[in-house]
Amino acid sequence: GAFITAILYLNKTHPVVKLTTWRLHFERAIFKKSLQIGIPSGIQNTIVSVGMITLFSIVNTFGANTAAAYSVSLRIDSLASMIAMNFSAALSTFVGQNIGANKIDRIKKGLVSTLFMSSTLVIIMMAIIINFNEQLISLFTNDIDVIRIGSKYLIIVSSFHLLFSTMFIFNGVMRGAGDTLMPMFFTLIALWFIRIPVAYFLSAEIGVTGIWWATPIGWFFGMTATIIYYFTGRWKKRAIVKYNTN
């Protein structure tokens, strides 16, 4: 219903994007480029989803209270994560537009500005979550054990959200340039070769707290790999739209 309503609205008010069936035709080049960009992103989302299920299975071995604390803490923690995700999506659009317009020098300015804005908001959110962790968890449950376990998660993980934010912002540059393959590889390595093995090992050594520490460790690797790749400049060669001087 929303899709049909949007089409009708656009057809009536925006003739430039007017959609009619007789004007539709298959573009092989656009289809191929869409697959090149979309498939790695889809695989990355699948990797993350399966990885989170695997982490949950490790958490579940510590009992129902730990599993409940983990679920609640993830919801609260997502408040900080969404800041980076939204800024990253906005930066991707900005990068794509400027690569298409052959204004590569503006990308660095956009990156720096986005890092500053997202980091500022993330720091504020980190401070709120860390200082009011028990109060936030108590909005979801009154169980003392769940609150105690969840507060440890929030204090440890939320303290390192700048790593996650920085990683996502740099990934936004890659995606905007059409280079979605490398972020997929970085996510695969950071999650499956770093975070999950570290969570499994540390949980056996120091308990459930080890699972919480595995998160920033994985973020650190992902952030480092992404920044290094950014400075290689290879992402600049994967522009979705080539600049036309004519």
Next item on the list: Could you walk me through whether L181 and D179 pass the side-chain contact (heavy atoms from CB on, under 4.5 Å) test, one step at a time?
Entry: CA-CA 6 Å; L181 188 61; D179 190 355; 4.3 Å; yes
Next item on the list: Over all heavy atoms of both residues, which pair between T226 and M174 is shortest? Give the atoms and the distance, please.
Entry: O-CE, 3.6 Å
Notebook entry, point to check: Rounded to the nearest 0.5 Å, what separation is found between the OG1 atom of T187 and the CG atom of N171?
Noted result: 6.0 Å
Check: Would a 4.5 Å heavy-atom cut-off, applied to side chains only, mark F170 and L115 as touching?
Finding: yes
Check: What distance separates L202 CG from W212 CH2, expressed to the nearest 0.5 Å?
Finding: 12.5 Å
Check: Taking atom CD1 of I4 and atom CD1 of I7, what is their separation to the nearest 0.5 Å?
Finding: 9.0 Å
Next item on the list: Over all heavy atoms of both residues, which pair between A67 and F56 is shortest? Give the atoms and the distance, please.
Entry: O-CZ, 4.0 Å
Next item on the list: With rounding to the nearest 0.5 Å, note down the distance linking CZ in F186 to CG in L191.
Entry: 15.0 Å
Item checked: Heavy-atom donor-acceptor pair, T141 side chain to S138 backbone, under 3.5 Å -> no
Check: Can you say whether the rings of Y230 and W235 are parallel (under 30°), tilted (30 to 60°) or perpendicular (over 60°)?
Finding: parallel
Notebook entry, point to check: Heavy-atom distance under 4.5 Å between the side chains of Y200 and I211, does that happen here?
Noted result: no
Margin query: In this structure, would I58 and F193 fall into the same cluster of hydrophobic residues linked by side-chain contacts under 4.5 Å?
Written below: yes
Margin query: Test side-chain contact (heavy atoms from CB on, under 4.5 Å) on V208 and Y153; report intermediate values, then the result.
Written below: CA-CA 9 Å; V208 70; Y153 172 95; over 6 Å; no
Notebook entry, point to check: Could you give the distance from CD1 (I83) to OG1 (T120), rounded to the nearest 0.5 Å?
Noted result: 10.0 Å
Next item on the list: Please answer: with hydrophobic residues joined when any side-chain heavy atoms are less than 4.5 Å apart, are I104 and V112 in the same cluster?
Entry: no
Check: Of all heavy-atom pairs between I169 and L111, which one has the smallest distance, and what is that distance?
Finding: CG2-CD1, 3.6 Å
Checklist line | Partners passing side-chain hydrogen bond (donor to acceptor under 3.5 Å, both in side chains) against R106 (at least two apart in sequence or in another chain) | finding: N98
Item checked: CA sep, side-chain torsions, deciding dist, call: M125, I129, side-chain contact (heavy atoms from CB on, under 4.5 Å) -> CA-CA 6 Å; M125 187 58 67; I129 293 175; 3.9 Å; yes
Margin query: Looking at A127, is its backbone amide N or carbonyl O close enough to the side chain of N131 to form a donor-acceptor pair, meaning the two atoms are under 3.5 Å apart?
Written below: yes
Notebook entry, point to check: Any link between V198 and I53 through a network of hydrophobic side chains (Ile, Leu, Val, Met, Phe, Trp, Tyr) touching at under 4.5 Å?
Noted result: no
Check: Should we count CG of D105 as having more than 12 external heavy atoms under 6.0 Å?
Finding: yes
Notebook entry, point to check: Nearest heavy-atom pair of I217 and I194: which atoms, and what distance?
Noted result: CG2-CG2, 3.8 Å
Next item on the list: Following the transitive rule for hydrophobic clusters with a side-chain heavy-atom cut-off under 4.5 Å over Ile, Leu, Val, Met, Phe, Trp and Tyr, establish whether L139 and I147 coincide in one cluster.
Entry: yes
Item checked: Evaluation steps, side-chain contact (heavy atoms from CB on, under 4.5 Å), between I228 and T224 -> CA-CA 6 Å; I228 291 174; T224 303; 3.9 Å; yes
Next item on the list: Answer yes or no: is there a donor N or O on one side and an acceptor on the other, between the side chain of T232 and the main chain of Y229, under 3.5 Å?
Entry: yes
Margin query: Could you check whether any side-chain N or O of S119 sits under 3.5 Å from a backbone N or O of F116, counting only pairs where one atom can act as donor and the other as acceptor?
Written below: no
Check: Quick one: does S151's side chain have a donor or acceptor within less than 3.5 Å of a partner on R148's backbone?
Finding: yes
Notebook entry, point to check: Counting distance only, does the side-chain N/O of N11 pair as donor-acceptor with the main-chain N or O of L8 below 3.5 Å?
Noted result: no
Item checked: Shortest non-hydrogen separation from R195 to G218 and the atoms involved -> CB-CA, 4.4 Å
Margin query: Within the 4.5 Å heavy-atom criterion, are Q44 and R175 side-chain neighbours or not?
Written below: yes
Margin query: Between Y70 and L55, is there a side-chain heavy-atom distance shorter than 4.5 Å?
Written below: yes
Notebook entry, point to check: M184 and P40: which non-hydrogen atoms are nearest, and at how many Å?
Noted result: CG-O, 3.6 Å
Checklist line | Heavy-atom neighbours of L35 CG exceed 12 at 6.0 Å | finding: yes
Notebook entry, point to check: Checking ring pair (Phe, Tyr, Trp, His ring centres under 6.0 Å) for the pair F164/F168: CA distance, chi angles, key distance, verdict?
Noted result: CA-CA 6 Å; F164 178 85; F168 242 80; 4.9 Å; yes
Note to self: Closer than 3.5 angstrom, by distance alone: can the side chain of S165 be matched with the main-chain N or O of H161 as a donor-acceptor pair?
What the structure shows: no
Item checked: Polar side-chain atom of S78 near backbone of R75 as donor-acceptor pair, under 3.5 Å -> yes
Next item on the list: Starting at CD1 of I39, measure out to OG1 of T180 and round the result to the nearest 0.5 Å.
Entry: 9.0 Å
Notebook entry, point to check: Are I144 and I155 connected in the hydrophobic side-chain network, where two residues link if heavy atoms are under 4.5 Å apart?
Noted result: no
Next item on the list: Using a 4.5 Å cut-off on heavy atoms from C-beta on, say whether the side chain of F140 contacts that of I76.
Entry: yes
